[in-house]
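Everything on this sheet refers to the single structure shown next.
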Number of protein chains: 2
Amino acid sequence: MAGKGEDTRKRILDTAQAMILDHGYAGVSVDKLIKSLGLTKGAFFHHFKSKRDLARTLIQRYSDEGVQLFRDSLARAQKLSDDPLQQFLLVIGLYEELFEGLTEPFPGCLLASYVYEMQQFDEETRDIINVEFYLSRKELTSLIEQIMEKYPPNAEVNASSLADGFMSLFEGAFVLSKSLKEADITVQQLRHYKTYVELLFRQ
Amino acid sequence: MAGKGEDTRKRILDTAQAMILDHGYAGVSVDKLIKSLGLTKGAFFHHFKSKRDLARTLIQRYSDEGVQLFRDSLARAQKLSDDPLQQFLLVIGLYEELFEGLTEPFPGCLLASYVYEMQQFDEETRDIINVEFYLSRKELTSLIEQIMEKYPPNAEVNASSLADGFMSLFEGAFVLSKSLKEADITVQQLRHYKTYVELLFRQ
DNA sequence: TATGAAACATACCATCCGGTATGTAAATCA
DNA sequence: TGATTTACATACCGGATGGTATGTTTCATA
């Protein structure tokens, strides 16, 4: 059971994240944030000791959710197949499902938003972003290496850069999607990535 | 011959662009900008009637340069080959060359930087970004359609989403590159894209 | 060499910014 | 029930912000 305090804290985080993806971190003042929440400064600084504290908490939450989503997806895929290639294709399919239903463009990636304002943040906050990308790369690379051992690729490719390609896909698709206001760009790029993997490892 | 005024104007634009890619648009105050340039407010507001004016001028210049680069690359490729597939592969190769020599990560794409602060800008500025993506997509799609007519693809793909993939590649690679401070991510992703195109259209 | 415009510099302003100090109602619990 | 903590609200502060008004210097040109 979440108390009222935790509920308000979550409301602040959710609203802040949505606003930051549209205005940027520096573009979201504490005043504007609390006004759109119907709160006061007292409330905000009760839950977060500074704006930097909010920024750090926010990106940590976002990063944790991202890692969790990937691990859950992989776990589901591993239950459905023992073959690493099939597992990877299933994971891609699960991400497709996530973005298939959207009528509006995905609001964007908070990591990318931070990356383009990197100097606004302290080292601890910047490190959270780094760790997220390193961790995702590591786990994805491990899966792709299993695939490459079993299926010799039809072109000279490198496992970790193929993993980077998967992460990069979302970052790129989100930017185009946000600007062009087209909801289906991410799904289309996921399908291209899936096709690429199939063409690479198909005998 | 550029007078001293035009030179200062260019210096402001160049410095502003570099700073915005690190701090975000809202994170670069006019004060900080002129301080790092060794100028005064009088100088800045002589060259730009407002900060918004700087933002608009900056993104227009960046967009124009991007379109120009693509058209130049395509023109060079067309001189080297009559085949649309070879032309596309050559264009990708030319972009590879551009990013091959870098020792530091590419500072990022100003369009993406703006996209993640979209609400900071007026409609005219937002439109410049839109037009850039639409135009690039259109010209790239046209080339890919020529390829598809001549070479039936080995998988069911769509020309415009494949074009989106090329633009998306840079946006994604820049984000990873900036965060991980690895200079070669963009080149690696360009090589993957080239491999994908080859696998798609190879008989 | 006089003149006007371009290219800056200086001083100032209203507003907004993150942050603090203090107060208070409500929930928790010994 | 009394004491303490949690969860807010109010009022205020010093500094930064974008922008303006008013200079001064440089420089081409007539």
Side-chain angles (χ1 to χ4, degrees), chain A residues 1-20 22-59 113-114 117-126, chain B residues 1-20 22-59 113-114 117-126:
Chain A
M1 47 171 283
K4 202 191 166 200
E6 276 307 305
D7 188 77
T8 302
R9 189 182 156 90
K10 187 179 180 303
R11 278 213 313 136
I12 295 175
L13 287 167
D14 292 343
T15 304
Q17 178 166 326
M19 289 179 75
I20 289 173
D22 279 339
H23 301 263
Y25 171 73
V28 178
S29 67
V30 176
D31 278 335
K32 285 182 196 160
L33 175 59
I34 60 175
K35 194 176 178 184
S36 100
L37 279 161
L39 290 174
T40 59
K41 287 216 164 169
F44 177 83
F45 283 99
H46 170 72
H47 289 284
F48 302 95
K49 66 179 175 185
S50 66
K51 199 190 170 189
R52 284 154 262 141
D53 182 28
L54 170 73
R56 220 193 57 257
T57 307
L58 209 48
I59 200 69
S113 169
Y114 275 43
E117 288 179 271
M118 207 58 123
Q119 295 309 313
Q120 297 281 326
F121 306 103
D122 51 44
E123 223 182 288
E124 194 188 345
T125 299
R126 275 179 269 177
Chain B
M1 50 174 285
K4 202 193 167 200
E6 276 307 305
D7 189 77
T8 302
R9 188 182 156 89
K10 187 181 179 304
R11 278 213 312 135
I12 296 176
L13 287 167
D14 292 344
T15 304
Q17 178 165 326
M19 289 180 76
I20 289 173
D22 278 339
H23 301 263
Y25 171 72
V28 179
S29 67
V30 176
D31 279 335
K32 286 182 195 161
L33 175 60
I34 59 174
K35 194 175 179 184
S36 100
L37 278 160
L39 290 174
T40 58
K41 287 215 163 171
F44 177 83
F45 284 101
H46 170 71
H47 289 284
F48 302 94
K49 66 178 174 184
S50 64
K51 199 189 169 190
R52 284 154 261 140
D53 182 29
L54 170 72
R56 218 193 59 256
T57 307
L58 208 48
I59 199 70
S113 169
Y114 276 42
E117 289 179 271
M118 206 60 122
Q119 295 309 313
Q120 297 279 329
F121 306 103
D122 52 44
E123 222 181 287
E124 195 187 344
T125 300
R126 275 178 271 177

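Letters A, B, ... mirror the listed sequences (proteins, then strands); counts begin at 1. Hydrogens, waters and symmetry mates are skipped; everything else that's a heavy atom, side chains included, is used.
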Heavy-atom pair with the smallest gap, counting every atom of A/I59 and A/Y114: CB-CE2, 3.5 Å
What's the [atom1]-[atom2] distance between [X] and [N], to the nearest Å?
X      : N      : atom1 : atom2 : answer
A/Q120 : C/dC17 : CD    : C1'   : 13 Å
A/I12  : D/dC8  : CD1   : P     : 8 Å
A/K10  : D/dA7  : NZ    : P     : 17 Å
B/L39  : C/dA6  : CG    : C1'   : 15 Å
B/I34  : C/dT10 : CD1   : P     : 11 Å
A/L33  : C/dC16 : CG    : P     : 17 Å
B/L37  : C/dA7  : CG    : P     : 16 Å

What are the atom names and distances for every N/O pair under 3.5 Å that joins the protein to nucleotides 18-20 of chain D?
from: D/dG18; atom 1: OP1; to: B/K51; atom 2: NZ; distance (Å): 3.1
from: D/dG18; atom 1: OP2; to: B/V30; atom 2: N; distance (Å): 2.7
from: D/dG18; atom 1: N7; to: B/K41; atom 2: NZ; distance (Å): 2.7
from: D/dG19; atom 1: OP1; to: B/R52; atom 2: NH2; distance (Å): 2.0
from: D/dG19; atom 1: OP2; to: B/K51; atom 2: N; distance (Å): 2.9
from: D/dG19; atom 1: N7; to: B/K41; atom 2: NZ; distance (Å): 3.1
from: D/dG19; atom 1: O6; to: B/K41; atom 2: NZ; distance (Å): 3.0

Against the side chain of B/H46, the closest entry in D/dC8, C/dA6, C/dA9 is C/dA6
For the atom pair [atom1] ([X]) and [atom2] ([Y]), what is the distance rounded to the nearest 0.5 Å?
X     : Y      : atom1 : atom2 : result
B/D14 : B/L37  : CG    : CG    : 9.5 Å
A/I34 : A/I12  : CD1   : CD1   : 9.0 Å
B/D22 : A/E117 : CG    : CD    : 11.0 Å

Should the pair B/R56-B/D53 be classified as a salt bridge under the 4.0 Å nitrogen-to-oxygen rule? yes
C/dC8 OP1/OP2 closer than 4.0 Å to side-chain N/O of B/T8: yes
For D/dA7 and A/H47 - does any side-chain N or O of the residue sit under 4.0 Å from the phosphate oxygens OP1/OP2? no
Do B/Q119 and B/R126 touch side chain to side chain, with heavy atoms closer than 4.5 Å? yes
